[in-house]
**Q** 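Sharing a structure here in structure tokens format.
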Amino acid sequence: MEMKHNYLVIEGNIGAGKTSLATMLAEEFNARLILEEFADNPFLAKFYENQDRYSFPVELSFLSERYSQLKREFQAQDLFAQIVSDYFVGKCQIFARNNLNHDEYNLFLKMYEIVESNCPKPDILVYLYLSVDRLQANIKKRGRAFEQKITDEYLENIQQQYLEFIRQHKEMRILVIDTANLDFVNNKEDYERIKNVILSDYDHGVHRIEM
């Protein structure tokens with residue numbers, strides 16, 4: 001099976017496994033891999049300690065970093081290169097809508113719309129859906145210190161913002177895959193199943209798949 005998408009994005013909530021799946025697909029198909037560069041963000045750990053104070057700087061810094069990375073990667077790409085990424089620029093709006101107050105969000109949105117209009121659109125967006133308890137289990141398993149205080153409520157709110165974004169963007173080609181019964185990292189058969197689903201042909205619109 002060949003990868004039919006020139007620009008494939010794997011998305012999901014915190015702990016959904018998007019980086020793992022994107023990496024596996026890119027390696028198999030020899031595609032250019034774009035992973036979100038969040039480790040050096042100076043505001044992220046502070047945000048989880050004090051969200052009211054650091055929401056705006058963390059969202060603004062992520063917007064800048066994601067745009068700069070995507071611009072750099074797409075300018076450097078081979079004309080015929082295929083790209084797999086573990087994020088898309090639309091997540092900036094999703095997290096900002098959840099984390100910012102009304103005035104901050106309206107200001108952020110003006111900047112986001114400029115950035116978004118200059119970013120490439122994915123051929124297909126795959127959203128990995130997991131319940132909050134499974135997300136928390138994955139977060140604790142990978143052990144990033146700054147993530148350990150993330151609450152169930154925060155994860156649920158982010159999940160709802162993603163799903164609302166998806167409902168509002170039916171002009172895109174979007175897969176929502178419930179991965180509750182899959183372990184695509186450790187089980188080759190599960191990986192093959194989800195890969196085959198992602199690489200099938202889809203019309204534009206939202207396609208919900210339980211596996």
Side-chain angles (χ1 to χ4, degrees), residues 6-23 26 31-78 81-128 139 142 144-147 149-150 154-155 157-166 168-169 171-172 174:
N6 290 323
Y7 181 21
L8 165 64
V9 169
I10 307 296
E11 258 292 359
N13 206 337
I14 303 165
K18 51 190 176 291
T19 300
S20 296
L21 183 57
T23 301
R32 182 190 295 271
L33 178 63
I34 301 178
L35 299 180
E36 184 166 19
E37 300 172 344
F38 61 86
D40 296 329
N41 189 302
F43 299 107
L44 186 57
K46 296 176 182 178
F47 166 76
Y48 286 121
E49 293 290 338
N50 188 337
Q51 293 188 18
D52 289 339
R53 180 175 180 182
Y54 290 103
S55 290
F56 191 74
V58 79
E59 297 306 334
L60 191 61
S61 61
F62 269 126
L63 178 66
S64 174
E65 290 167 5
R66 289 165 182 155
Y67 174 64
S68 296
Q69 183 184 21
L70 289 173
K71 183 178 179 181
R72 180 175 67 251
E73 291 287 350
F74 275 86
Q75 285 179 340
Q77 79 167 51
D78 182 340
Q82 293 176 309
I83 291 177
V84 180
S85 177
D86 72 344
Y87 76 96
F88 77 123
V89 75
K91 78 181 303 174
C92 296
Q93 181 186 4
I94 290 167
F95 276 80
R97 181 183 292 165
N98 185 74
N99 297 336
L100 302 181
N101 65 41
H102 178 75
D103 291 337
E104 290 173 338
Y105 178 69
N106 285 338
L107 176 59
F108 178 90
L109 194 59
K110 293 178 181 179
M111 294 179 282
Y112 166 77
E113 288 173 347
I114 296 172
V115 168
E116 192 272 340
S117 66
N118 287 283
C119 285
K121 306 297 188 295
D123 297 324
I124 188 167
L125 170 68
V126 178
Y127 182 76
L128 305 179
I139 289 169
R142 70 186 180 192
R144 294 173 185 161
F146 62 85
E147 292 181 341
K149 294 183 179 180
I150 297 176
Y154 183 79
L155 291 174
N157 289 340
I158 292 295
Q159 188 106 283
Q160 293 307 314
Q161 292 293 349
Y162 265 109
L163 296 177
E164 180 61 26
F165 180 94
I166 289 168
Q168 294 177 358
H169 289 77
E171 79 284 357
M172 298 175 65
I174 301 176

**Q** State which residues pass ring pair (Phe, Tyr, Trp, His ring centres under 6.0 Å) with Tyr162; sequence neighbours excluded, sorted by chain then number.
**A**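 Here the qualifying residues are Tyr127.
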
**Q** Could you work out, with side-chain contact (heavy atoms from CB on, under 4.5 Å) as the rule, every residue matching Asp52, not counting sequence neighbours?
**A**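 Partners of Asp52 under the side-chain contact (heavy atoms from CB on, under 4.5 Å) test: Asn50.
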
**Q** Applying side chain to side chain donor-acceptor pair (under 3.5 Å), can you list everything that pairs with Arg53, at least two apart in sequence or on another chain?
**A** none

**Q** Not counting sequence neighbours, which residues clear side chain to side chain donor-acceptor pair (under 3.5 Å) with Ser55? List them please.
**A** none

**Q** Quick one: side-chain contact (heavy atoms from CB on, under 4.5 Å) partners of Ser68, sequence neighbours excluded?
**A** Ser64

**Q** Check ring pair (Phe, Tyr, Trp, His ring centres under 6.0 Å) between Phe88 and all other residues, then give those that pass, not counting sequence neighbours.
**A**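 Expected list: Phe165.
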
**Q** So which pairs with a foot in residues 105-126 pass salt bridge (Lys or Arg N to Asp or Glu O under 4.0 Å), sequence neighbours left out?
**A**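 Passing the test, one end in residues 105-126: Glu116-Lys121.
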
**Q** Please name all residues satisfying side-chain contact (heavy atoms from CB on, under 4.5 Å) with Asn118, sequence neighbours left out, ordered by chain then number.
**A** Tyr67, Ile114

**Q** For Tyr87, what residues pass the ring pair (Phe, Tyr, Trp, His ring centres under 6.0 Å) criterion, not counting sequence neighbours?
**A** none

**Q** Only counting residues at least two apart or in another chain, list the ones meeting side chain to side chain donor-acceptor pair (under 3.5 Å) with Tyr112.
**A**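 Scan of Tyr112 (side chain to side chain donor-acceptor pair (under 3.5 Å), adjacent residues dropped) gives none.
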
**Q** Ala16: what forms a side-chain contact (heavy atoms from CB on, under 4.5 Å) with it, not counting sequence neighbours?
**A** Leu128, Leu135

**Q** For Thr19, what residues pass the side chain to side chain donor-acceptor pair (under 3.5 Å) criterion, not counting sequence neighbours?
**A** Asp86

